[in-house]
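What you are looking at is a predicted structure, and each value in this text was computed from that prediction instead of being measured.
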Amino acid sequence: MTAECLCGGVRIEISGKLGPVVYCHCSRCPKASGTAFGANADVRRKYWTLASGEDLLREFESSPGVFRAFCGRCGSPDLQPARGES
């Protein structure tokens, strides 16, 4: 599976299973997604590769210790890396 941002600059190749899809209504997820909720699915780090756009990724610390990555060109939210996961 391939995921990409709106402009196509950031591409992520996923080779493993997606975790369960969850819909989050916390105070931050709706703001980050621009919708009523955030839709998220975990993918273990060993199952995804950043195929292109590393230079376009920007991070924002939305709450202490929680970083959200997005494309610096189009603003699409791309991933929320888990710190310390290998």
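- Both Leu18 and Ile12 sit in one connected hydrophobic cluster of ILVMFWY residues. Membership requires side-chain heavy atoms under 4.5 Å apart, directly or through other members.
- Between Val66 and Glu61 the shortest side-chain heavy-atom distance does not fall below 4.5 Å.
- No more than 12 heavy-atom neighbours from other residues, nucleotides or ligands sit within 6.0 angstrom of CG on Asp42.
- Annotation: side chain of Asn40 is in contact with side chain of Cys29 (closest heavy-atom distance under 4.5 Å).
- Connection of Met1 to Val43 is established within a shared hydrophobic cluster, with ILVMFWY side chains joined at heavy-atom distances below 4.5 Å, either directly or through further cluster members.
- There is a path of hydrophobic side-chain contacts, each under 4.5 Å, that joins Trp48 to Leu56.
- The minimum heavy-atom distance linking His25 with Ala36 is given by the pair CD2-O, 3.6 Å.
- Remark: the Thr49 side chain and the Glu13 side chain contain no N/O donor-acceptor pair separated by less than 3.5 Å.
- Side-chain contact between Cys7 and Cys71 is present, with heavy atoms from C-beta onward closer than 4.5 Å.
- Residues Phe70 and Phe37 do not share a hydrophobic cluster, clusters being chains of Ile/Leu/Val/Met/Phe/Trp/Tyr side chains in contact below 4.5 Å.
- By the criterion of side-chain heavy atoms lying less than 4.5 angstrom apart, applied directly or through intervening Ile, Leu, Val, Met, Phe, Trp or Tyr residues, Val22 is not grouped with Ile14; the two fall into different hydrophobic clusters.
- Ser62 and Arg28 share no side-chain donor-acceptor pair at under 3.5 Å.
- Residue Leu57 holds its CG atom at 11.5 Å from CZ of Arg73, rounded to the nearest 0.5 Å.
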